Amino acid sequence: MAKMIPMKERGKRTPRHMPEQDVHKRIHNFNEVSLGYTKEDAIYEAQRCLQCRSPTCMDGCPADINIPEFIKKIVEENFTGSYFEILKTNNLPAIAGRVCPQEEQCSKACVWNKANKAIHIGRLERFVADWARDNKIHLERVGIEKKNKKIAIVGSGPAGLTCSADLVKIGYDVTLFEALQKPGGVLVYGIPEFRLPKAIVEYEIGEIKRLGVTIETDFIVGLTKSVDELAEEFDAIFLANGAGAPRFLHLPGENLNDVYSANEFLTRSNLMKAYAFPKYDTPIKVGKKVAVIGGGNVAMDSARTALRLGTEEVHLVYRRTSKEAPARKEELTHAEEEGIIFDFLTLPLKILGNEQGDINGMECIKMRLGEPDESGRRRPIYIDGTNFILQVDLVIVAIGTAANPIVARSATGVKTNKWGYFITDENTCSTTRKGIFAGGDIVRGAATVISAVGDGKRAAKAINNFLQ
Amino acid sequence: MSKIIRVEKWHDVIYSMWIKALQISMKVQPGQFVILMIDEKGERIPLTVADYHREEGWVQVVFQTVGTSTMKLAQMSIGDEFFSFIGPLGKPSEIKKYGTVITIGGGTGIACIHPITRALKEVGNKVIAIIGARTKELIIMEEEMKEASTELHITTDDGSYMRKGFVTEVLKEVLQGEKNVRKVWAIGPAIMMKATCAVAKPFGIDVIVSLNAIMVDGTGMCGSCRVTVGGQTKYTCVDGPEFNGHLVEWREFMNRLTRYTELEKLSSKMYKKKCQRK
Ligand SMILES: Cc1cc2nc3c(=O)[nH]c(=O)nc-3n(C[C@H](O)[C@H](O)[C@H](O)COP(=O)(O)OP(=O)(O)OC[C@H]3O[C@@H](n4cnc5c(N)ncnc54)[C@H](O)[C@@H]3O)c2cc1C
Ligand SMILES: Cc1cc2nc3c(=O)[nH]c(=O)nc-3n(C[C@H](O)[C@H](O)[C@H](O)COP(=O)(O)OP(=O)(O)OC[C@H]3O[C@@H](n4cnc5c(N)ncnc54)[C@H](O)[C@@H]3O)c2cc1C
Ligand code: SF4
Ligand code: FES
């Protein structure tokens with residue numbers, strides 16, 4: 001059995017690389033890019049952990065995972081124990097291990113980061129979760145006392161799933177309502193298969209169902225039933241409907257035929273499996289030359305999806321530089337490796353088309369960076385006379401999302417701010433109406449999976465307190 | 001789960017289906033629609049609710065087979081369950097007492113205009129209904145429409161039944177005769193709705209049209225269904241499907257309906273081949 005290694009040894013080791021699918025192959029398929037650690041890799045990496053007395057890594061984890069503890073159990077080859085340790089606070093480890101920006105969170109806060117050798121905590125989390133899945137390890141619920149209280153959760157993204165799991169674990173009767181035909185939120189309709197395989201999402205949701213959560217898909221809160229009606233049937237409600245509405249730039253030509261929102265493009269491909277058209281019935285257009293507007297994860301996902309669908313040339317058009325781009329560094333690197341052309345410091349002005357509505361180019365202008373703005377990022381400024389036409393025939397607008405008002409409209413007394421996001425108490429997630437809580441993207445605006453998980457946990461605690 | 005409780009084939013390409021959908025039947029209002037998926041690999045298909053029964057818990061849809069998904073739908077029979085069935089979607093029609101109104105249905109649009117016609121009459125309007133189709137066999141729900149309206153006119157393009165010509169010709173005559181028409185509803189092919197607007201415009205009468213934009217989710221999440229109305233981008237699924245036809249950017253709307261024509265052709269060719277092999 002593996003064991004702890006001397007401190008000196010830990011210092012000598014370099015972080016363990018995670019194998020990836022060959023770049024030339026992967027641009028032609030939708031299989032996962034990152035291949036995950038082997039048992040040996042995981043133990044090797046876990047042995048580097050210093051088992052800090054006051055682990056700074058945990059300050060960086062919105063899900064409060066006991067990081068040194070689960071890592072220690074990997075070293076001890078007690079993978080089941082390690083899995084259960086993570087499950088204490090995070091019900092979606094295989095997902096979080098794949099999509100969390102650890103470099104901005106736990107790994108950034110890891111003491112090793114100063115030496116540029118932060119522990120790859122996410123890869124370890126992913127290994128443990130994958131191992132548990134392969135070995136059919138399940139969390140069993142035993143001797144939980146039923147609390148005779150019913151809770152409704154609206155939306156089955158990471159916030160809703162987490163809140164449901166935490167509440168059902170302590171004995172509540174939980175029903176999760178989801179508008180789409182499949183639960184998972186952005187995890188199923190947004191993030192592509194090659195980054196987060198849908199079978200894994202399905203599995204982790206299955207584990208939450210096993211705990212006893214009832215999931216009602218095809219149920220649009222606000223249309224099928226209002227929040228007010230749910231409030232009559234349930235003792236508490238958690239609103240976690242995400243920030244699902246697409247945003248556009250309001251450019252001339254934006255309603256031409258082949259201008260997609262990233263939401264439409266990704267939903268067709270991921271949720272409806274249009275990448276397998278015509279085996280699946282939902283079609284998706286494959287442009288010859290595609291421009292993706294934006295610089296975040298959503299833009300990277302759209303660009304890489306377009307490439308895999310068979311687009312010859314994919315341009316990423318972003319008005320700042322890679323340094324300001326909000327996408328994870330890993331995604332930028334992957335996109336670059338795969339041959340996405342980065343047109344940084346470029347602003348689209350107009351999408352050009354013919355009478356039939358087909359796109360025949362996009363007019364852009366070059367930018368330079370000026371002084372920092374309110375967000376601290378340097379403000380892009382036009383360079384006069386640098387207009388040019390990018391020859392593209394399909395455009396994907398990936399500049400973020402906004403609140404969809406359907407849920408809020410049906411919830412009397414639940415106040416929203418001027419962007420339509422619910423106003424909540426930071427610690428308890430409670431809204432302005434008693435018994436109704438909210439969290440995830442519909443409070444924060446487009447944020448992260450793990451911050452949604454964090455909100456789900458806080459809300460579960462607060463709901464439990466409220467119902468005592 | 002939503003189960004089919006009755007199917008009728010009205011014509012080679014027109015089918016009517018009654019589906020048990022308790023929650024939707026309780027909530028649905030005239031003008032609203034549902035989205036269904038036949039199986040896990042299917043598309044999300046939007047269809048207008050042609051009728052509903054709150055006590056018995058069903059909704060009726062009437063559809064025309066135009067491509068793969070609707071051909072597959074036509075293969076389903078009593079007892080079959082849908083993989084997914086959601087609704088009611090879209091804003092209800094604005095039903096109130098206007099005085100005299102006209103409702104127009106073309107093709108399967110007749111089924112869509114039916115509940116609106118009935119509701120308008122129920123609240124005390126004089127409702128002049130005009131329905132039309134290419135040929136006699138495609139005139140559907142004649143009895144229901146007669147009952148739902150105050151006065152019913154029927155046209156066929158080829159003159160095989162009732163009056164020969166387009167619904168718009170009748171509309172013009174009615175507008176010339178009736179002085180107090182407050183509003184017109186028109187549902188059918190885009191070209192017919194556009195033509196209706198053109199006829200009503202000189203009379204200064206608003207035409208409410210129901211747009212069948214290409215949709216995915218139907219809940220305001222993807223923007224596939226966007227259309228320009230009065231210079232603003234609207235989502236047909238949540239802001240519509242009914243809009244003031246005089247403000248609709250028809251060219252753009254009709255262009256966007258052709259977004260997937262090539263792929264749809266490929267898909268239905270393959271589907272037909274598959275059916276032949278069976
Ligand atoms: C393409 C893309 C890539 C991303 N990549 C990353 C990444 O790599 N790492 C990361 O940390 N974050 C990433 N994010 C952000 C992250 O996915 C979100 O912050 C997170 O999913 C928010 O979780 P949520 O539970 O609040 O909402 P969502 O995941 O949005 O889920 C909300 C759910 O509510 C449902 N719903 C909405 N309205 C209703 C209604 N009326 N009735 C019933 N149900 C309703 C929706 O259908 C949806 O299933 C990405 C986002 C996108 C779009
Ligand atoms: C709000 C709304 C209500 C509708 N009500 C009815 C109805 O009551 N009866 C009826 O027969 N039809 C109705 N339609 C149209 C119906 O949804 C389409 O005919 C059907 O989706 C076509 O699918 P297909 O695969 O058979 O045909 P395809 O071969 O895919 O396409 C044929 C035509 O249908 C249109 N279409 C394709 N996909 C969609 C989609 N996802 N959403 C909308 N249109 C699409 C395209 O413009 C195309 O020209 C409605 C559409 C909308 C948006
Ligand atoms: S800070 Fe880094 S080294 Fe310390 S316990 Fe956390 S992961 Fe291990
Ligand atoms: S169908 Fe997706 S926004 Fe209307």
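Everything quoted here is computed from the prediction, not taken from an experiment. So that the names make sense, note that chain A is the first sequence line, chain B the second, and so on, each numbered from 1.
Only the side chain of B:Thr258 comes within less than 4.5 Å of a heavy atom in chain A; its backbone stays farther off. Heavy-atom distances place the backbone of A:Ile284, and not its side chain, under 4.5 Å from chain B. With a threshold of 4.5 angstrom between heavy atoms, B:Val238 approaches chain A through side-chain atoms but not through N, CA, C or O. Both the backbone and the side chain of A:Thr224 come within contact range of chain B, with heavy atoms under 4.5 Å apart. For B:Ser224, the parts sitting under 4.5 Å from any heavy atom of chain A are the backbone and the side chain alike. For A:Leu266, no part sits under 4.5 Å from any heavy atom of chain B, backbone or side chain. Heavy-atom distances place both the backbone and the side chain of A:Leu223 under 4.5 Å from chain B. For B:Tyr271, no part lies near chain A; criterion is any non-hydrogen pair under 4.5 Å. Looking at B:Ile35, neither its backbone nor its side chain comes within 4.5 Å of chain A, counting heavy atoms on both sides. In this structure, chain A has heavy atoms under 4.5 Å from both the backbone and the side chain of B:Met221. With a threshold of 4.5 angstrom between heavy atoms, A:Asn404 approaches chain B through side-chain atoms but not through N, CA, C or O.
Comparing B:Glu249, B:Met254, B:Lys72 by heavy-atom pairs within less than 4.5 Å of chain A, the highest count is held by B:Lys72. Comparing B:Ile214, B:Val227, B:Ile38, B:Thr233 by how many heavy-atom pairs each has under 4.5 Å with chain A, the most go to B:Thr233. The candidate with the highest count of non-hydrogen atom pairs below 4.5 Å against chain B, out of A:Pro278, A:Gly244, A:Ala276, is A:Gly244. Your options are A:Leu180, A:Asp358, A:Val397, and the one with the most heavy-atom pairs under 4.5 Å with chain B is A:Leu180. Per-residue heavy-atom pair counts under 4.5 Å with chain A were compared for B:Arg44, B:Glu264, B:Met270, and the maximum is reached by B:Arg44.
Here the side chain of B:Arg251 pairs a donor or acceptor atom with the backbone of A:Glu355 at under 3.5 angstrom. A donor-acceptor contact shorter than 3.5 Å links the side chain of A:Asp218 to the backbone of B:Phe85.
A salt bridge is absent between B:Glu40 and A:Lys198; no separation between the charged side-chain nitrogens and carboxylate oxygens falls under 4.0 Å.
Side-chain contact between A:Lys225 and B:Lys27 is present, with at least one heavy-atom pair separated by less than 4.5 Å. A 4.5 Å side-chain heavy-atom check between B:Tyr235 and A:Pro246 finds at least one atom pair inside the cut-off. For the pair A:Thr267/B:Asp217, no side-chain contact is recorded, criterion being any heavy-atom separation below 4.5 Å from C-beta on. B:Asn255 has its side chain out of reach of A:Asn255: every pair of non-hydrogen atoms, C-beta onward, lies at least 4.5 Å apart.
Closest of all the heavy-atom pairs between B:Arg226 and A:Val259 is NH2-O, 2.9 Å. Shortest non-hydrogen contact noted between A:Tyr260 and B:Arg259 is CE2-NH2, 3.6 Å. Between B:Gln23 and A:Phe219, the shortest heavy-atom contact is NE2-CE1, 3.6 Å. B:Gly42 and A:Met272 get closest at one heavy-atom pair: O-CE, 3.5 Å.
Interatomic distance, B:Thr219 OG1 to A:Asn241 CG, rounded to the nearest 0.5 Å: 10.5 Å. Rounding to the nearest 0.5 Å gives a distance of 9.5 Å between OH of B:Tyr260 and CG of A:Asn257. Rounding to the nearest 0.5 angstrom, the gap separating the CZ atom in A:Arg268 from the CD atom in B:Glu43 is 7.5 Å. Residue A:Lys273 holds its NZ atom at 10.5 Å from NZ of B:Lys41, rounded to the nearest 0.5 Å.
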Inset, instruction - Decide side chain to side chain contact (heavy atoms under 4.5 Å, CB included) for B:Leu263 and A:Phe277; before the verdict, give the C-alpha distance in whole Å, the side-chain angles of both, and the deciding distance to 0.1 Å. - result: CA-CA 9 Å; B:Leu263 295 168; A:Phe277 178 87; 3.8 Å; yes

